[in-house]
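See structure below.
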Amino acid sequence: MQNNHTKEHLFKILVIGDLGVGKTSIIKRYVHQNFSPNYRATIGVDFALKVLNWDQETVRLQLWDIAGQERFGNMTRVYYREAMGAFIVFDVTRPASFEAITKWKEDLDSKLSLANGKHVATVLLANKCDQGGDVLTNNGIKMEQFCQENGFVGWYETSAKVRTHL
């Protein structure tokens, strides 16, 4: 007799970073496989759901698209609550968005931890690599070192426009 019982898991994942780095575009590409250059700035928070079927299990990723200006507000603590992981996004063509990464990570770590007290797993996404502004990421060894020193589990170059590591 076949076992038709699939396990279901729900994971809340944050997508954070400065205004205009491409958070919404990355989510739309990942969830809906499309890209539009005409997104409006996210106000507050938006949500998307990606369902993955994986070895008799259903994994639901609830992606929280946090507006870029929210780091300066008081709502991030509420938005971050119960998240199991995070992506921090920067725009490879805008060095200021890279410099803001550590502030986003500090904000995240100060407001959210797992039940065991550890920080949530956080991945760094170097977005808009299709635009040739990879001066920030052209030295992978330095990026690896940056991730280790700042508590990221790793990093990926990506582009919502030209499908890459999504």
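Residues: numbered from 1 along the sequence shown. Note that these values count all heavy atoms, side chains included, but never hydrogens, waters or copies made by symmetry. Small disclaimer: the values here were computed from a predicted structure and weren't measured.
- Salt bridge Lys23/Asp65: absent, no basic N to carboxylate O contact under 4.0 Å.
- Classification of the Phe98-Phe90 ring pair by plane angle, with boundaries at 30° and 60°, yields perpendicular.
- Contact check for Arg29 versus Thr158: no side-chain heavy atoms found under the 4.5 Å cut-off.
- When atom types are taken as modelled, the side chain of Arg60 and the backbone of Lys50 share no donor-acceptor pair closer than 3.5 angstrom.
- In this structure, Val92 and Ala126 approach most closely via the heavy-atom pair CG1-CB, 3.6 Å.
- Between the side chain of Asn127 and the backbone N or O of Asp91 there is no donor-acceptor pair closer than 3.5 Å.
- Under 3.5 Å, the side chains of Glu144 and Gln148 contain no donor-acceptor pair of N or O atoms.
- Between the side chains of Trp104 and Glu106, no donor-acceptor pair of N or O atoms lies under 3.5 Å.
- Shown here is Glu82, whose CD atom has no more than 12 heavy atoms of other residues, nucleotides or ligands within 6.0 Å.
- Under the 3.5 Å distance criterion, with hydrogens and angles disregarded, a donor-acceptor pair is assigned to the side chains of Thr76 and Lys111.
- Here the CD1-OG distance, from Ile88 to Ser97, works out to 12.0 Å after rounding to the nearest 0.5 Å.
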Would Ile13 and Trp64 satisfy side-chain contact (heavy atoms from CB on, under 4.5 Å), going step by step from the backbone distance to the final call? CA-CA 6 Å; Ile13 308 295; Trp64 285 53; over 6 Å; no
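- Atom CG of Asp46 sits about 10.0 Å away from atom CD1 of Ile66, to the nearest 0.5 Å.
- At least one side-chain heavy atom of Phe146 sits under 4.5 Å from a side-chain heavy atom of Thr102.
- Put simply, the side chain of Val120 does not reach to within 4.5 Å of the side chain of Met84, judged on heavy atoms.
- A 4.5 Å side-chain heavy-atom check between Leu61 and Leu49 finds every atom pair outside the cut-off.
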